[in-house]
Protein chains: 2
Amino acid sequence: MNDIYALLEENNLSRTPCRVEILKTLSHAGVALSESEIRDKLGYNYDRTTVYRTLRNFLNQNVIHSISLEGGEVRYAMTPHKDKPHGSHHVHFYCNQCSGVYCISHKPFDTPQLPAGFSPENYDLLVHGKCKKCTV
Amino acid sequence: MNDIYALLEENNLSRTPCRVEILKTLSHAGVALSESEIRDKLGYNYDRTTVYRTLRNFLNQNVIHSISLEGGEVRYAMTPHKDKPHGSHHVHFYCNQCSGVYCISHKPFDTPQLPAGFSPENYDLLVHGKCKKCTV
DNA sequence: GTTATATTTGCAACAGCGTTGCAAATCCTT
DNA sequence: AAGGATTTGCAACGCTGTTGCAAATATAAC
C-alpha cells in the first residue's frame with residue numbers, strides 16, 4: 001500500500017482514488033489486464049475515459065507497460081522496477097488456453113543477428129504456449 | 001504473376017480480382033502493410049469489408065501472416081514459403097523513424113529459458129530500431 | 001479552515017478497426 | 001449460355017481509444 005503511494009509520488013502523480021485502485025489491481029493481478037478487465041475489477045466505478053487517461057499517464061511515466069497481442073488486443077501490467085526505456089529486452093508469455101498474459105523477464109537475452117543496416121534498439125519477445133496453471 | 005495464381009489454387013481460393021490484387025500488392029511491398037494501406041494502394045476500389053474478409057481468408061490458409069504492433073496496430077505480410085504453423089520462430093523489425101515493418105526471419109533462434117511449468121509453442125520477436133533505409 | 005488555482009474526472013461525441021447479415025454481383029462448372 | 005456456389009458491397013453494429021468541455025476534486029497559500 002505504501003509502495004503504491006511512493007510510486008505515485010516518485011512520478012509526480014497526485015494520489016487520487018482511481019490511480020491508487022488501478023495500481024493496486026495491477027500489482028495484485030499476477031497477469032496483465034486489459035482496460036475492460038481493469039474497469040470490471042473496479043466495479044465500473046470509473047469512466048472508461050478516466051481509466052484510459054490514467055493508463056496513458058502511467059505508460060508515459062513507465063510505471064506500467066503495455067503488451068500488444070495478435071488481433072490488436074492490448075494488456076497492461078506493472079513495470080518491474082526501474083526499467084530503462086532504451087536497450088530493453090522484454091519477454092511475455094501468452095497462454096493459448098486461458099489467454100492469460102505473464103511478464104516473464106525484463107533482462108537481456110540472446111538475440112538473432114539482423115541483416116546489415118538494421119540497428120536494433122530494443123527487443124520484445126512474445127511466447128505462445130501453455131501456462132503454468134493450464135499445464136496439468 | 002503465375003505464382004500468385006498458383007498460390008490461390010494451392011489454397012483452394014478462387015481467382016478474383018480483389019484477391020489477386022491484394023496478393024500482388026503484398027508481394028511487391030517489401031514491408032508489411034495495414035489494411036488501410038492496402039486499400040489505399042488499391043485505389044479504394046474495394047470495400048473495407050471485402051478487404052478484411054480477404055485478409056482473414058489468407059490468414060486462415062497461412063498465405064499471409066499478421067504482425068501486431070504497440071497500440072494495437074496490425075500489419076499484414078506474405079508468409080515466406082511453407083511456414084509450419086506450430087513451433088515457429090518469427091522475427092520482425094519495426095523502424096522507429098519510418099514506422100516500416102520488415103519480416104526478418106522465420107527460422108529458429110536462441111530463446112530464453114522460461115520458468116518451470118510454462119510450455120512454449122512458438123516465439124514472436126519484435127525488434128524496434130532504425131531500418132536500413134533510415135540509417136544514413 | 002477558507003479561498004484560489006491547477007489537476008482530475010465524467011459525459012458526450014467522435015474516429016478507426018474489425019465483424020455480421022443480407023441482397024446483388026461475380027465466379028466456376030457443365 | 002445457364003446453373004448453383006462463392007464473393008462482393010452496403011448498412012449497421014461493437015469495441016478500443018481519443019478529444020472538448022464543464023463539473024468535481026486535489027493542492028497550495030493565506
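Quick note on labels: first sequence line is chain A, next is B, and so on, each numbered from 1.
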Enquirer: Give the rounded distance in Å between these two atoms: CD1 of B:I22 and C1' of D:dT8.
Expert: 12 Å
Enquirer: Which part of the nucleic acid, if any, lies within contact of B:N45, taking any heavy atom under 4.0 Å across all strands shown: a base, the sugar-phosphate backbone alone, or nothing?
Expert: sugar-phosphate
Enquirer: For B:Y102 and A:F118, I'd like to know if the aromatic rings sit close, meaning centre-to-centre distance below 6.0 Å.
Expert: yes
Enquirer: Determine, for B:R75 against B:E73, whether the closest basic-nitrogen to carboxylate-oxygen distance falls under 4.0 angstrom.
Expert: yes
Enquirer: Just by distance, no angles: are the side chains of A:N96 and A:H128 close enough, under 3.5 Å, to form a donor-acceptor pair?
Expert: yes
Enquirer: Would you mind reading off the distance between B:L8 atom CG and C:dC28 atom C1', rounded to a whole angstrom?
Expert: 14 Å
Enquirer: Identify all pairs in which a protein N or O lies below 3.5 Å from an N or O of nucleotides 14-21 of chain D, and state each distance.
Expert:
| from | atom 1 | to | atom 2 | distance (Å) |
| --- | --- | --- | --- | --- |
| D:dG17 | OP2 | A:Y52 | OH | 3.0 |
| D:dG17 | N7 | A:R48 | NH1 | 2.9 |
| D:dG17 | O6 | A:R48 | NH2 | 2.9 |
| D:dT19 | OP2 | A:R56 | NH1 | 3.3 |

Enquirer: Separation of B:E37 atom CD from C:dG16 atom P, in whole Å?
Expert: 14 Å
Enquirer: Verify, without hydrogens or angle tests, whether A:S105 (side chain) and A:K107 (backbone) share a donor-acceptor contact under 3.5 angstrom.
Expert: yes
Enquirer: Taking the six-membered ring for Trp, are the ring centroids of B:H89 and B:H106 within less than 6.0 Å of each other?
Expert: no
Enquirer: Whole-Å distance between C:dA24 P and B:D47 CG?
Expert: 16 Å
Enquirer: Whole-Å distance between C:dG18 C1' and B:R75 CZ?
Expert: 17 Å
Enquirer: Just the rounded figure in Å: distance from C1' of D:dT7 to CG of B:N11.
Expert: 17 Å
Enquirer: Would you mind reading off the distance between A:Y44 atom OH and C:dT9 atom P, rounded to a whole angstrom?
Expert: 19 Å
Enquirer: Base contacts versus sugar-phosphate-only contacts with protein, heavy atoms under 4.0 Å: please encode nucleotides 22-30 of chain D as B, S and - from 5' to 3'.
Expert: ----SS---
Enquirer: I'd like to know if the side chain of B:E35 pairs up with that of B:Y76 as donor and acceptor (distance under 3.5 Å, no hydrogens or angles considered).
Expert: no
Enquirer: Establish, for the pair B:R39 and B:Y46, whether the NZ or CZ atom is under 6.0 angstrom from the six-membered ring centre and no further than 45 degrees off its axis.
Expert: no
Enquirer: Can you measure B:E9 atom CD to C:dC27 atom P for me and round it to whole angstrom units?
Expert: 16 Å
Enquirer: Looking only at the side chains, is there a donor atom on one of A:H65 and A:H92 sitting less than 3.5 Å from an acceptor on the other?
Expert: yes
Enquirer: Can you confirm whether the side chains of B:S36 and B:S34 place a donor and an acceptor under 3.5 Å from each other?
Expert: yes
